[in-house]
There are 2 protein chains.
Amino acid sequence: MSDTASPSPTPPRPAGRAKPRQSDIARAAGVSQATVSLVLRGAATGVVLAPETRRRVLSAAEELGYVPDPVATRLAAARNGMLGLYTFSTTFPTDVAHSYYPVLVGVEEEAAAQGQDLILFTGASRAADPTSDAAAVRRVRAADGCLFFGRHVPRDPIRRLSEDGFPFVYIGRREEPGISYVGADYVSASAEVAARLAALGHRRVRYLRENDDAPASTDRERGVADGARGSGLETDGLVERTDGGDVEARLARWRDEGVTAVITEETDTGAALSGLTAAVARAGLSCPGDLSLALLGTPAAAPAAPVPGLAGAISGFGVPMREMGRAAVRLLLDLIEGGPAPRSHLLACEPVAGATIGPPHPGR
Amino acid sequence: MSDTASPSPTPPRPAGRAKPRQSDIARAAGVSQATVSLVLRGAATGVVLAPETRRRVLSAAEELGYVPDPVATRLAAARNGMLGLYTFSTTFPTDVAHSYYPVLVGVEEEAAAQGQDLILFTGASRAADPTSDAAAVRRVRAADGCLFFGRHVPRDPIRRLSEDGFPFVYIGRREEPGISYVGADYVSASAEVAARLAALGHRRVRYLRENDDAPASTDRERGVADGARGSGLETDGLVERTDGGDVEARLARWRDEGVTAVITEETDTGAALSGLTAAVARAGLSCPGDLSLALLGTPAAAPAAPVPGLAGAISGFGVPMREMGRAAVRLLLDLIEGGPAPRSHLLACEPVAGATIGPPHPGR
DNA sequence: CTGAAAGCGCTTACAG
DNA sequence: CTGAAAGCGCTTACAG
């Protein structure tokens, strides 16, 4: 090509194979670069091109192996076909990462199905200080829209995105008005667990929740309380909070008080559950032999080894993480395409029969 | 701010809170936009700014809550702090996704540690036709560099990236010259497995590989053959290929031939392994009681239920998927920063003792 | 139906 | 030490 050495201003491209731009196509097809853009983006704008022009442009594009530069496309104020996923977590042990995996799978599946790429915004974890958190959240603007996930969410940076009209949806219920989310119906599912225990004959039950006010925890507590009231469980002293470390003493007390069943919750730390199962094991109790045990939420991972004292899988309900991920992607795409109308979904949780609840066996 | 209503040409921003650009900072600090860019990017260029100017710009940026637009940054030929991950797979069942998960974890960890975001390029799976595959691969240019992963890789699109000088690294060994990868040392690990069987007293062994020529399979076969030769195993008829469906008949034949151990490989489909374990179960054999069984590679997931006939975890070696992911990120970053010098690593595999190999027990 | 122009928000030589 | 200009590759009104 440029072997006939007439000094040209264009720098020599390696074998004419460097990535072609619209202007290259324009030159080849004898039209303007803007026309190339119109042809290539399809009839979206309602503009009608002469069939012959279309053909010339298309074949030149094909021949040159043109592919639009996603970065330029995005900068020019169009969409870039990228969805963000930003995960908040208190810390970043692998365990927590694993507990998020099902959501990722759902998000990835649906994104692929919709032809969208995914930007995983990492580093949420490292930011101890809120400032860098804000900066980190800002980066999500690189995507057309973003999914947020995690029990604890810094409100300010997100409020700002909202004010700027940036489309995003939470995975998990949120209290902030006018914000879209896809959540799990923890209230109903938790109430059902309480009712299940009542139906087995339990009356004095404890709900051990984590000392941490995420919406998921609030909903579960409300559901347990509602369910207890509705099914005849005692409600006095029903709810206790823990950080996971003091469960052994509580357990002894509960046994003295005649408690026959304990409900706890799964969170990203798993502190309440692991504290409880450890206490049960150390006390030499078995479930449901000595005590019924129910769990609100899916355990992060099946325990590597059988937990001593538990007859099998823990009874309670599972969270439809994967489906939440999928639904969130669909909702986000609606937001990006459609108007600003925020909507939200609450997905039903699946009851888990499990093997750790049974009729009451009063202790001591 | 703009309450003193002197008609300004700037459109009214909602409460002055819309996302600020460098030009906004420039106006506030009384400098040019280019200067803002210089200050904000740090002293990278060696340019020395007046401390006072720096201060003014920085504080204006802080006050306005400035965050650089990653898309614009990238388009202006700089980096945008995003690494791509492109996964090729023959198909996209959840099982396959799961088998890739450990790699993703490693990649994600290291990316986070290095302050890089991750773009997951999806849809590799859908592309039946090579053309759209090419287009899909092109998209990776949105990132500073890209990781490729999967047994089967379309060569043309990638060659093109290479010609264009786009930085990328494979996760898994590649044959193409001048390309960087982080692989597993399947040859050594496979040879060791063969030697382990020989040391237990086996002589007539079969290696059942998948009928599919990915580098990983080639390496494993070579390792098994090397190991067999080196340790005194019979090499005639050592290797057989399968698609997974016909294993039952082979197994019967092997027993007739006096084969005492079978080695197979793990792949993204898992066809050979699942075919083999199913055949063992149906034949009512037990491992290592009737037959020793070894596996080259980590099973995608621990089987939900114990596999009938197997005394426990399958013997063989594990692939350091997570560490490969981490190493690949580091290598990619080197590539992006440093020169074009391609380098590659081969990581050692961890032997897995397991419970399915033992001394030979000639069948029938 | 198509072209010329402006602009997305940044970086990067190049002058002063 | 800082400003003015050009450019990254595209989209989007706006004229013809």
Side-chain angles (χ1 to χ4, degrees), chain A residues 9-11 13 18-27 29-57 61 64-82 138-139 141-142 144 164 166, chain B residues 9-11 18-27 29-57 61 64-82 138-139 141-142 144 164-166:
Chain A
T10 25
R13 292 266 192 71
K19 66 177 154 183
R21 298 154 299 165
Q22 288 187 349
S23 56
D24 297 321
I25 299 175
R27 202 176 313 122
V31 299
S32 79
Q33 175 263 321
T35 299
V36 173
S37 175
L38 288 180
V39 170
L40 260 26
R41 298 202 52 243
T45 19
V47 189
V48 191
L49 292 300
E52 169 57 15
T53 304
R54 255 183 73 75
R55 208 197 48 69
R56 280 215 316 280
V57 169
L64 293 173
Y66 173 79
V67 173
D69 181 331
V71 177
T73 305
R74 172 72 178 155
L75 182 58
R79 298 172 46 178
N80 63 0
M82 297 193 188
R138 268 287 158 122
R139 290 181 306 179
R141 301 193 113 99
D144 289 337
D164 293 355
F166 182 81
Chain B
T10 24
K19 68 176 153 184
R21 300 153 297 164
Q22 288 187 348
S23 56
D24 297 320
I25 299 175
R27 202 176 314 123
V31 299
S32 79
Q33 176 264 321
T35 300
V36 172
S37 176
L38 289 179
V39 170
L40 261 25
R41 300 202 49 244
T45 19
V47 188
V48 191
L49 292 299
E52 169 56 15
T53 304
R54 256 183 72 74
R55 206 196 50 67
R56 279 215 315 279
V57 168
L64 293 174
Y66 174 78
V67 173
D69 180 330
V71 175
T73 305
R74 171 81 180 142
L75 181 59
R79 299 171 46 176
N80 64 0
M82 297 193 184
R138 269 288 158 123
R139 292 181 303 180
R141 287 176 181 283
D144 290 338
D164 292 353
F166 183 82

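Chain A is the first sequence line, chain B the second, and so forth, proteins listed ahead of strands; every chain is numbered from 1. Just so it is clear, the model here is predicted, and its values are computed rather than measured.
- Distance CG (Leu75(A)) to P (dC8(C)): 9 Å, rounded to an integer number of Å.
- Secondary-structure stems of DNA chain C, taken as three or more successive Watson-Crick or G-U wobble pairs (i with j, i+1 with j-1) under a 3.5 Å distance threshold, comprise C:1-3 with D:14-16, C:5-12 with D:5-12, C:14-16 with D:1-3.
- Within the structure, every side-chain polar atom (N or O) of Ser32(B) is placed at least 4.0 Å from both OP1 and OP2 of dT2(D).
- Rounded to an integer number of Å, the gap from CZ of Arg27(B) to C1' of dT2(D) is 18 Å.
- Distance CD (Gln22(B)) to C1' (dA4(D)): 15 Å, rounded to an integer number of Å.
- The closest side-chain heavy-atom distance from Tyr66(B) to Leu40(B) is below 4.5 Å.
- Atom CG in Leu64(B) sits roughly 14 Å away from atom P in dG9(C) (whole-Å rounding).
- Between Ser23(B) and dG9(C) there is no side-chain polar atom (N or O) within less than 4.0 angstrom of OP1 or OP2.
- For Thr35(B) and dG3(D), the shortest distance from a side-chain N or O to OP1 or OP2 is below 4.0 Å.
- Following rounding to the nearest Å, Leu38(A) (CG) and dC14(D) (P) show an atom-to-atom distance of 15 Å.
- Of the listed nucleotides (dC10(D), dT12(D), dC10(C)), dC10(D) has the atom at the smallest distance from the side chain of Thr73(A).
- One atom, CD of Gln33(A), and another, C1' of dA13(D), lie 14 Å apart when rounded to the nearest Å.
- If you measure from atom CG of Asp24(B) to atom P of dG9(C), you get 9 Å, rounded to the nearest angstrom.
- Minimum interatomic distance between Pro68(B) and Thr73(B) (heavy atoms only, all atoms of both residues): CB-OG1, 4.2 Å.
- Taking all atoms of both residues into account, the shortest heavy-atom contact from Gln22(B) to Ser37(B) is OE1-CB, 3.5 Å.
- dC10(D) atom P lies 8 Å from atom CZ of Arg21(A), rounded to whole Å.
- Closest non-hydrogen pair, Val57(B) versus Ile25(B), comes out as O-CG2, 3.8 Å.
- Regarding contacts with the backbone of dT12(D), every side-chain N or O of Ser37(A) stays at 4.0 angstrom or more from both OP1 and OP2.
- Ranking dG7(D), dG7(C), dG3(C) by closeness to the Ala76(A) side chain, first place goes to dG7(C).
- Note that the CZ atom of Arg56(A) and the OG1 atom of Thr53(A) stand 5.5 Å from one another [nearest 0.5 Å].
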